[in-house]
Amino acid sequence: MTVSPEVLEEGASTVESGAFEVRLLRADDVERLMVLERTKWTDDQATSRAEMLRRIAAYPSFSVGAFSLPTGDALVSVFTKPITAERLAGARTWEDCALVEPLPDNPELAFGISLSSVDADAVLPTFALGCRQLRAAGMRRVHLGSPLPGLRAWKAAHPDAPVADYVFEKRDGVPRDPQLRYYFRKGFTRIEACRPDYFPHAASLDYGAVISANIQDVLDACAADGSEERP
């Protein structure tokens, strides 16, 4: 792994293992990123080439990825953006938050637009670089929209129960849903809201959960990560 020194923080280091490189994204990465996007997402979930270029152009310090050193293939992409509390509060869908828009003044909040991966080992260093970029730019808390892949099966067994019962349920102190559980163990311990028609995801019945974390807590969780489950 090579972690690029092209970060906002002083003293960023470079580590090499020969497997992959983690760095800021560039416009000339888009063709490889689109292969990753089409591999990971369905047609109605995947972003377009034009939208990906807009994200990189608008948020160059907050668009990061991992690439195989032997092949050059894109393994992970993480896109985040600064966002205002008002935008978060008024959003009813993922798209409301993911739209490319002018940067707010002195942002303290961030929104995770997307995380796409075909390599579990490359996820955490890529996610950590993205969080370091946000922290160095003055942001302290990050929000994201999570799918709920266990919801469809749970709803089939509990047809009359509110979806919120599933979203906020915990077992042994962690969320019942496997994706929320994964993010919980990465520092996203607060569930802000449960949204219907949030984004297209069959297993989630198109619901999404808006979750948040202190950026430092996410970095601490990434640093301590060992054998936890992957999403």
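Positions are given from 1 along the sequence. These numbers were taken from a predicted model, which means no experiment stands behind them.
Counting only distance, with no hydrogens or angles, the side chain of N214 and the backbone of Q216 share no donor-acceptor pair below 3.5 Å. T80 places a side-chain N or O within 3.5 Å of a backbone atom of F62 that can act as its donor or acceptor partner. Under the 3.5 Å distance criterion, the side-chain polar atoms of R32 are matched with a main-chain donor or acceptor of G72. Side-chain atoms of K81 come within 3.5 Å of backbone N or O of L99 as a donor-acceptor pair. For D177 (side chain) and G150 (main-chain N/O), a donor-acceptor pair under 3.5 Å exists by modelled atom type. Although no hydrogens or angles enter the test, the distance criterion places a donor-acceptor pair under 3.5 Å between the side chain of D206 and the main chain of H201. Here the side chain of R190 pairs no donor or acceptor atom with the backbone of I211 at under 3.5 angstrom. Put simply, the side chain of E21 never gets that close to the backbone of F67: no donor and acceptor are under 3.5 Å apart.
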Show the numbers, then the answer: is there a salt bridge (Lys or Arg N to Asp or Glu O under 4.0 Å) between D29 and R23?
-> CA-CA 11 Å; D29 294 323; R23 60 169 172 79; 2.8 Å; yes

side-chain contact (heavy atoms from CB on, under 4.5 Å) assessment of V100 paired with Y59 = CA-CA 9 Å; V100 172; Y59 314 120; 4.2 Å; yes

Intermediate values then yes/no, side-chain contact (heavy atoms from CB on, under 4.5 Å), E51 and T47 | CA-CA 6 Å; E51 181 65 15; T47 193; 3.2 Å; yes

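One distance of note links CG of L69 with CZ of F20; it measures 9.0 Å at 0.5 Å rounding. Rounded to the nearest 0.5 Å, atoms CD1 (I215) and CD (E108) are 10.5 Å apart. The structure places CG of L109 at 13.5 Å from CZ of R87, a figure rounded to the nearest 0.5 Å. Residue L205 holds its CG atom at 8.5 Å from NZ of K155, rounded to the nearest 0.5 Å. Note that CG of L129 and CG of L24 are 6.0 Å apart. Values are rounded to the nearest 0.5 Å. A distance of 9.0 Å separates OG in S48 from CD in E37, rounded to the nearest 0.5 Å.
By the neighbour-count criterion of 12 heavy atoms within 6.0 Å, atom CG of D105 is sparsely surrounded, having that number or fewer from other residues, nucleotides or ligands. The environment of CD in E169 is crowded: more than 12 heavy-atom neighbours from other residues, nucleotides or ligands sit within 6.0 Å.
Using a cut-off of 4.0 Å between Lys/Arg side-chain N and Asp/Glu carboxylate O, R49 and E31 are scored as salt-bridged.
The minimum heavy-atom distance linking V218 with F127 is given by the pair CG1-CE2, 3.5 Å. In this structure, S77 and L36 approach most closely via the heavy-atom pair N-CD2, 3.7 Å.
Looking at S212 and R141, their side chains do bring a donor and an acceptor atom within 3.5 Å of each other.
Using bins of under 30°, 30° to 60° and over 60° for the plane-to-plane angle, the ring pair Y183/F188 lands in the perpendicular bin.
Y198 has its ring centre no less than 6.0 Å from the ring centre of W94.
Contact check for P196 versus V163: no side-chain heavy atoms found under the 4.5 Å cut-off. When side chains are defined from C-beta on, V210 counts as touching R195, because their heavy atoms get closer than 4.5 Å.
Two different hydrophobic clusters hold F168 and V174 under the rule that ILVMFWY side chains link at heavy-atom gaps under 4.5 Å. V123 is not connected to F184 by any chain of hydrophobic side-chain contacts under 4.5 Å among Ile, Leu, Val, Met, Phe, Trp and Tyr, and they are in different clusters. No chain of hydrophobic side-chain contacts below 4.5 Å, direct or via other Ile, Leu, Val, Met, Phe, Trp or Tyr residues, connects W41 to V30.
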